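Report on one structure; see the data block that follows.
Treat the numbers as computed from the prediction; the structure is a model and nothing was measured.
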Amino acid sequence: MRLRKRHRWPPNIWVHLLVLGFATQAAGQCFGGVETYEKTSGTTVLCDSDCTSQGLLSQPDTSVTRDCIAICKQTSSCISFTVDYQNSRCQSYSLDTETSIGRGKLQTDSGVNFFEKVCLRGVRQNQ
């Protein structure tokens with residue numbers, strides 16, 4: 001009776017499974033990744049002529065965060081939004097915080113959180 005030899009990887013090949021993710025701006029589509037939101041607590045946007053804003057949702061006396069996320073996901077022009085907890089409303093912005101001009105529009109406000117769309121993609125192994 002002959003025993004089968006187990007398959008072994010050659011010693012010069014190392015197989016590494018990396019589950020490393022990095023965030024990129026999700027202004028376009030998020031192909032091959034997972035679209036999610038980065039939350040910055042206590043932050044609002046001072047939007048002027050350099051950015052556009054649009055009301056997403058207003059529901060007095062209710063929690064709106066989950067609904068705002070769902071609406072923003074379905075709206076291609078929504079790359080960031082704020083949730084105003086005092087007024088139960090959210091506002092979308094065409095604000096890119098990867099630029100110094102965009103970051104300069106963020107201001108401290110304890111009753112508001114800022115959410116920005118990001119795309120998480122894994123690192124692929126080169127073969």
Side-chain angles (χ1 to χ4, degrees):
M1 181 173 178
R2 187 172 162 178
L3 295 176
R4 285 188 183 180
K5 190 174 183 181
R6 294 180 97 188
H7 176 73
R8 291 186 148 192
W9 289 100
N12 61 345
I13 296 178
W14 293 90
V15 178
H16 296 278
L17 298 176
L18 299 176
V19 185
L20 296 175
F22 59 93
T24 58
Q25 197 77 28
Q29 298 294 324
C30 183
F31 296 114
V34 176
E35 185 178 271
T36 189
Y37 292 85
E38 181 178 10
K39 174 184 171 182
T40 307
S41 299
T43 303
T44 193
V45 176
L46 296 178
C47 190
D48 54 17
S49 61
D50 292 343
C51 74
T52 58
S53 68
Q54 175 182 344
L56 287 179
L57 180 67
S58 180
Q59 293 179 332
D61 303 321
T62 61
S63 176
V64 296
T65 305
R66 184 181 305 158
D67 293 336
C68 292
I69 289 171
I71 293 169
C72 189
K73 274 190 177 191
Q74 296 172 6
T75 309
S76 62
S77 62
C78 178
I79 60 172
S80 61
F81 67 93
T82 55
V83 176
D84 179 347
Y85 296 99
Q86 182 76 23
N87 299 308
S88 296
R89 67 181 182 150
C90 54
Q91 187 87 8
S92 74
Y93 298 93
S94 63
L95 182 68
D96 180 5
T97 61
E98 290 192 13
T99 66
S100 59
I101 293 172
R103 283 189 301 277
K105 297 189 183 309
L106 299 178
Q107 300 292 318
T108 303
D109 187 337
S110 62
V112 178
N113 286 340
F114 175 73
F115 294 81
E116 187 167 23
K117 221 181 248 188
V118 293
C119 183
L120 300 177
R121 291 188 180 95
V123 177
R124 293 183 185 201
Q125 178 183 357
N126 292 332
Q127 295 181 358

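Considering only heavy atoms from C-beta on, Asn113 stays 4.5 Å or farther from Thr40 through its side chain. Phe115 is not listed as a side-chain neighbour of Cys68, based on a closest heavy-atom distance of 4.5 Å or more.
Cluster annotation: Val112 is not connected to Val64 through the hydrophobic network of ILVMFWY side chains, with a link wherever side-chain heavy atoms come within less than 4.5 Å. Under the 4.5 Å side-chain heavy-atom criterion for grouping Ile, Leu, Val, Met, Phe, Trp and Tyr, Leu56 is connected to Tyr85 within one hydrophobic cluster.
Taking OG1 of Thr62 as the start and CG of Leu57 as the end, the distance is 7.0 Å to the nearest 0.5 Å. Taking CZ of Arg89 as the start and CD of Gln59 as the end, the distance is 13.5 Å to the nearest 0.5 Å. Taking CD of Glu38 as the start and NZ of Lys117 as the end, the distance is 14.5 Å to the nearest 0.5 Å.
The two residues Pro60 and Ser88 come nearest to each other via the heavy atoms CA-CB, 4.0 Å. Nearest heavy atom pair, residue Gln91 against residue Ser53, reads NE2-OG, 3.4 Å. Scanning all heavy atoms of the two residues, the minimum distance from Gly32 to Arg121 falls at O-CG, 4.0 Å.
Aromatic pair Phe114/Tyr93: ring centres not closer than 6.0 Å.
With sequence neighbours excluded, no residue satisfies side chain to side chain donor-acceptor pair (under 3.5 Å) with Thr75.
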Report task. Dump the intermediate steps for side chain to side chain contact (heavy atoms under 4.5 Å, CB included) on Thr36 and Val118, then the final yes or no. Result -> CA-CA 6 Å; Thr36 189; Val118 293; 3.6 Å; yes
For a side chain to side chain contact (heavy atoms under 4.5 Å, CB included) check, start with the C-alpha distance between Val45 and Leu106, then their side-chain angles and the critical distance, and finish with the verdict. CA-CA 5 Å; Val45 176; Leu106 299 178; 3.9 Å; yes
Set out, in order, the CA-CA distance, both residues' side-chain angles and the distance that settles side chain to side chain donor-acceptor pair (under 3.5 Å) for Thr82 and Thr44, then state yes or no.
CA-CA 6 Å; Thr82 55; Thr44 193; 4.8 Å; no
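The sulfur atoms (SG) of Cys78 and Cys72 lie less than 2.5 Å from each other.
Under the 3.5 Å distance criterion, the side-chain polar atoms of Thr99 are left unmatched by any main-chain donor or acceptor of Thr97.
Counting non-hydrogen atoms of other residues, nucleotides and ligands closer than 6.0 Å to CD1 of Ile101 gives a total of 12 or fewer.
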